[in-house]
Protein chains: 2
Amino acid sequence: MTHSEENYLKVIYHLSVVSPRGVNTNAIAGMIESKASSVTDMVKKLAEKELILYQKYQGVTLTEKGLLAAKMIVRKHRLWEVFLVEKLDFTWDEVHDVAEELEHIKSEKLINKLDAFLGFPTEDPHGDPIPNAKGEIKKIDKQLLSDLETGQKGICVGVKDSASSFLQYLDKQQIALGSKIEIIGKETFDMSLTIIVDGKEMIISNKIANNLFVKLAT
Amino acid sequence: MTHSEENYLKVIYHLSVVSPRGVNTNAIAGMIESKASSVTDMVKKLAEKELILYQKYQGVTLTEKGLLAAKMIVRKHRLWEVFLVEKLDFTWDEVHDVAEELEHIKSEKLINKLDAFLGFPTEDPHGDPIPNAKGEIKKIDKQLLSDLETGQKGICVGVKDSASSFLQYLDKQQIALGSKIEIIGKETFDMSLTIIVDGKEMIISNKIANNLFVKLAT
DNA sequence: AAATATTTTTAGTTTTGTCTAAATTTTAAT
DNA sequence: ATTAAAATTTAGACAAAACTAAAAATATTT
């Protein structure tokens, strides 16, 4: 598989979560930063290889084969992210682009040895699950901070958006994976939240709350 | 720079050691496993970018810019080899192909962090020198085992050929970097050598001796 | 020095992945 | 149920990096 094919497969995999009945050509083009016509071409090739099901005008879905291949790419991406943060001291906002390149290195031995070297991590630095060598993914019990009610408490376990500006904002506010968050109040006008993060009170916008995953704590 | 351009540059760098007055088109084609005509095309592109000097029919030489770029690729290749062997327990005959892919990852930060993580190694698993971040290479004092006289002793510090069949042969004979080697006798007919490796006597062919680097010991 | 052999370059194709512009199909709106 | 809008596909073109076959330049041999 070429780098380009792998990128398409990965994008289709991510979009499938939101559009399980078929991923649109334009949606793929948006993610790959290419044009719809290019997507049509590539999608035909992937269908030819039986990695996806494609019906003209109806979008695409992954086959079993394509799903596994996509998971293996995601696995590589996330394991490399762990490596970069844990071993090379990258910050969580710096890892994406490099991992985007590293995910295309073709060696099963490499990735499985790396997995072992890292201690078989189940989540990447952003809290996203890492598929194991068989493609199995440990479901993580999490919900958006914006869905909690006033008075509820949670532990930060992930981010929905990994844009570096967002991650840097979190660093600045000292919000990290593992932080204890309690909702003190909700502003009905803009849905901004007053929260206590590890004992420190602050106000965050709805957009922030809508991109932070927490695990409910008692 | 594309992967292909980087591969050409690296090959020209290695061939320059033997042909400092100009690297031949055919020599490059042989190493890249492509055809002479393809080399001519690429060589024009690299000359356009001022990475090499090219005069029709006269071969190519690296410019300062090209030399540094080539050294950085070699640096990446060899650092990744150290990583694979030291951290992921690859054997020295397994690392080449994977490092060949890893050397193209484009992140100066990555490679310098990796360098630090590995403790700034100066040699790769085959005894080849690793250029530092400035492109400086520590000259290694070594000579071919085949150039030693009977009675001389040396310590194995590198291999000239890194073919995995050769490396596996060395493993089987328990010859490794650091092994003490003493020449006991030379057969004039085929130039085969009787040697003592870490106390163990054995006979090796001239071809083997001609691909093993040793540092003279007293 | 001429003839031959080798090496290198040129010219013209191919493949991969992309694009633009036009045509087609589907979806939404009146 | 038409019509208008949006999404998708087709057709044709292009750039990168490779190739084959032929032409040109350099090297070697007699």
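Throughout, a chain's letter reflects where its sequence line sits, starting with A, and its residues are numbered from 1. We use all heavy atoms of the structure for the numbers below, so side chains are in, but hydrogens, waters and symmetry mates are not.
Using a distance-only test at 3.5 Å, with no hydrogens or angles considered, no donor-acceptor pair links the side chain of A/K139 to the main chain of A/I137. When atom types are taken as modelled, the side chain of A/K186 and the backbone of A/T150 share no donor-acceptor pair closer than 3.5 angstrom. Put simply, the side chain of B/Q168 never gets that close to the backbone of B/D93: no donor and acceptor are under 3.5 Å apart. Judged purely by atom type and a 3.5 angstrom limit, B/T63 uses its side chain to pair as donor or acceptor with the backbone of B/E50. Using a distance-only test at 3.5 Å, with no hydrogens or angles considered, no donor-acceptor pair links the side chain of B/S192 to the main chain of B/N206.
Within the 4.0 angstrom heavy-atom criterion, base atoms lie near A/T40.
Taking only side-chain nitrogens and oxygens, B/N24 comes nearer than 4.0 Å to OP1 or OP2 of C/dT8. OP1 or OP2 of C/dT9 lies within a sub-4.0 Å distance of a side-chain N or O belonging to B/T25. The shortest distance between the side-chain N/O atoms of B/N26 and the OP1/OP2 oxygens of C/dT6 is not below 4.0 Å. Between C/dT9 and B/Y54, a contact under 4.0 Å exists linking OP1 or OP2 to a side-chain N or O.
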Report, one pair per line, the protein and nucleotides 23-26 of chain D atoms (nitrogen or oxygen only) whose separation is under 3.5 Å.
from, atom 1, to, atom 2, distance (Å)
D/dA25, O4', B/Y57, OH, 3.3

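The shortest distance between side-chain heavy atoms of A/I52 and A/V23 does not fall below 4.5 Å. Side chains of B/I12 and B/L51 form no contact here, defined as non-hydrogen atoms less than 4.5 Å apart.
Straight-line distance from the CE atom of A/M1 to the P atom of C/dT16: 15 Å, rounded to whole Å. We find that OH of B/Y8 is positioned 8 Å from C1' of D/dA18, with the value rounded to whole Å. In this structure, B/K44 places its NZ atom 10 Å from C1' of C/dA11, rounding to the nearest Å. If you measure from atom CG of A/D41 to atom C1' of D/dA13, you get 12 Å, rounded to the nearest angstrom. Protein atom NE2 of B/H3 is 18 Å distant from nucleotide atom P of C/dT16, rounded to whole Å. Look at CE on B/M42: it is 14 Å from C1' on D/dC19, rounded to the nearest Å.
Of the residues in residues 28-38 of chain A, those lying under 4.0 Å from DNA chain D by heavy-atom distance are A/A36, A/S37.
For the pair A/K87 and B/F83, the cation-pi test (distance below 6.0 Å, angle within 45°) is failed.
Each salt bridge (charged side-chain N to carboxylate O under 4.0 Å, His left out) pair with one or both residues in residues 59-75 of chain B, not counting sequence neighbours, appears once here: B/R75-B/D115.
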